[in-house]
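Written out below as structure tokens is the structure these notes cover.
Numbers restart at 1 for each chain; the letters A, B, ... are given by sequence-line order, proteins then strands.
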Amino acid sequence: MTSRRALFSLLPLGGLRLSSDTGRDSDMFCMLFQSIEHALREVTGLDEVLLGEGGEHADLSSTVAFNLAKIKRAPPAKIAQELAATLAARDDLKEIRVEALGPYLNFHFSRAMVERALQQATMPGYGSHPPREERVVLEHTSANPNGPLHVGHIRNTILGDTLGRCFRKAGYPLEVQYYVNDMGRQIAIVVWGFSTLENTRLPGEKGDHHVARIYIAANRELEANPGCVADVDHLMQLVERGDPATVRLFRDAVTECLDGFKVTLARLGARHDRFVWESDFIRNGDTERVLGKISHMPECRDDGKLWLDLSSAGFEKEYVLRRSDGTSVYAARDLAYHTWKGRNYDRVIDVLGADHKLIGAQLIATMRILGEKAPEIIHFEFVSLPEGSMSTRAGKFVSADELLDEVTRRALEEVTIRRPELPEPERQEIARSVALGAVRYDIVRISPEKSTVFDWKEALDFERQSGPYIQYAHARACSILDKAGEFEEYLALENEHEMALARHIIRFPMVIENVVTELKPHLLAGYARELADLFNAFYHFEPVLKTEGLVRRSRLTLVKATQNTLSEALATLGIDALRTM
RNA sequence: GGGCUUGUGGCUUAGCCAGGAUAGAGCGCCGGGCUUCUAACCCGGAUGUCGAGGGUUCGAAUCCCUCCAGGCCCGCCA
């Protein structure tokens, strides 16, 4: 390790002077990737050339020689060697060093290229892609308004919001929607509770928590008096029929809960562009229109209730759309909603809980039969409590509000220990950002298909692999830049800490691209953490302010690129990039 | 019972879809490092039958089959 560093320092500097008019191409890494992939395709004649990250061995690498070996009946190492020679001779790969290491084809970017790409990383908005045409609509959270958002719901919120931020960063025109289920049975139960039970709102009680209290009490009451269920059914019929008084009762209850949601969502840094009310699809006739169209389909069955036979698509279960009392079922309204989305946007994405897997698949199948655009659905698995699964109805949940309160309290403790000299309001401000970073990161870092158990200890951990860890790396970079004052950008990367950091920074635009194509926000979480790791190592081993001349300027430029990239990555994760903490 | 899904060191987790270079991290544990650009940090060490068993392949954590365990779903709920 030491010897390699020594070797590097013997290399001539040959630094790159930076000027502001270079770097039109804002995602150099993507371009390099594409040109290598293109060259590989030409040279091998294969469509799939297996180009991927090179890890410790290279910037990019390919295992295509193995596949070619089968076709050409020659040893993969020999093929790799021949490919490397051919590729190295190409004009379009002039600045890339191609090497065959055994059967592997390794591609190394020249230092000059890394430095050029790095220069782009110092500019505001780094990682953003040019505007695209495709209009995207993203639905997330959409929790039933019968109680506050809890730690399960906000997995949806944070996943969706992060994905939305990635889409915007990737250049897509995006609208984020919240689908308000304002006419379901749960809401009818809330309304029934409001009209029959003691229901005064406690002083200081948030609307959503108030609604939950009534909802829990109403459910208890209904369990004790099953006869009252008919009253709830009646409410549902009245609201579907558009009975003005009932509609107002539903709307008031839902609004009270929704107002509470909006406060929580704002605390989480999540923003919806539009709240779409389910009942609007009854009122505007869309649901009726969809059901009318469906009634003419060969898959349609009407035996009192109206349902679809989706067995041709592999579903055994009846897909019920209208009850025998004439009222529509959620699935019917959902079809109307998705038809509307499909006709107004080019790409429709929903973030839904794993409990919606079946109904989601049925929805997609039906949309296809209808000839409408089917949504892409991201399902996330459940968050449970150590004592079992959460239930709003049973009052068994940890609300997002109490999670944020508790994490903020802990964060304030931590800030107060570390920065006792700061005035209270400033400490509170930092604590709020740290808490948000901790909560959001803790959730987004886990891939959605993993079911998790909520753990206070983990939620309150601000150390490695946490949001605050990344925020801290950013604050450190800011601290150096603040102390450095003015400097002229210049790059001459010397040692392996600098190179490793630089190589990672230039991948950022590609990470954004990957998140939106694969719909995997946790890739960004991992990227940001690795970036912080690499910066911390650089920070520890390579002094910046104590050096002089070109080395100082080069390292400062690298710090600036890191700070900027961390800041952009954190913003895309919905986490505040603090300048001090 | 049927369907979907997850199973990776004591704990949490990446990698799996598009199979290849010694399976990456973090917590915890052991040992080091703050007169030094913020120690919410860094460095080193121990810890893995990648749930089990078969199969495909030159090569399997990754693909296929069976089984086991957890989660979710299977309502004229949403």
query = Base, sugar-phosphate alone, or nothing: which one does A:I446 contact when heavy atoms must sit under 4.0 Å apart?
reply = sugar-phosphate
inquiry  = Among residues 139-153 of chain A, which ones have heavy-atom contacts with RNA chain B below 4.0 Å?
reply    = A:N144
ask   = With rounding to whole Å, what would you report as the distance between B:C16 and B:G2 at their P atoms?
value = 31 Å
Exam field: side chain A:R427 to backbone A:L422, donor-acceptor pair closer than 3.5 Å = yes
ask   = Planes under 30° and centres closer than 5.5 Å, is that true for A:Y104 with the base of B:G20?
value = no
message = Mind checking if A:L101 touches a base, just sugar-phosphate, or nothing, with heavy atoms under 4.0 Å?
response = base
task = Could you tell me whether A:S466 contacts a base, only the sugar-phosphate backbone, or nothing, with contacts defined as non-hydrogen atoms closer than 4.0 Å?
result = nothing
request  = Have a look at A:R579 and say if it touches a base, only the backbone sugar-phosphate, or nothing, with a 4.0 Å heavy-atom cut-off.
outcome  = base
query = At under 4.0 Å between heavy atoms, what does A:Q471 touch on the DNA or RNA strands: base, sugar-phosphate, or nothing?
reply = nothing
task = Check the geometry between A:F382 and B:G71 and answer yes if their rings are stacked (centres below 5.5 Å, planes below 30°), otherwise no.
result = no
task = Pick base, sugar-phosphate or nothing for A:V559, based on heavy-atom distances below 4.0 Å to the nucleic acid.
result = nothing
message = Side chain of A:F541 only, heavy atoms from C-beta on: which candidate in B:A21, B:C42, B:C72 is closest?
response = B:C42
Touch class at under 4.0 angstrom, heavy-atom based, for A:Y539 against every strand present = base
task = With heavy atoms under 4.0 Å as the rule, sort A:H379 into base, sugar-phosphate or nothing.
result = nothing
Sugar-phosphate only, base, or nothing, as touched by A:E530 at under 4.0 Å among non-hydrogen atoms = nothing
request  = Tell me what A:F462 touches on the nucleic acid: a base, only sugar-phosphate, or nothing, going by heavy atoms under 4.0 Å.
outcome  = base
key: Side-chain donor/acceptor of A:H474 to backbone N/O of A:L578, under 3.5 Å   = yes
request  = Would you indicate what A:R322 reaches in the nucleic acid, counting non-hydrogen atoms under 4.0 angstrom: base, sugar-phosphate, or nothing?
outcome  = nothing
Contacts under 3.5 Å, N or O only, protein and nucleotides 4-10 of chain B:
residue, atom, partner, partner atom, Å
B:G7, OP1, A:K450, NZ, 3.0

key: Touch class at under 4.0 angstrom, heavy-atom based, for A:V320 against every strand present   = sugar-phosphate
message = Regarding A:K305, tell me which of base, sugar-phosphate or nothing describes its non-hydrogen contacts under 4.0 Å with the strands shown.
response = base
request  = Could you check whether A:S384 gets within reach of a base, just the sugar-phosphate, or nothing at all, counting any heavy atom under 4.0 Å?
outcome  = nothing
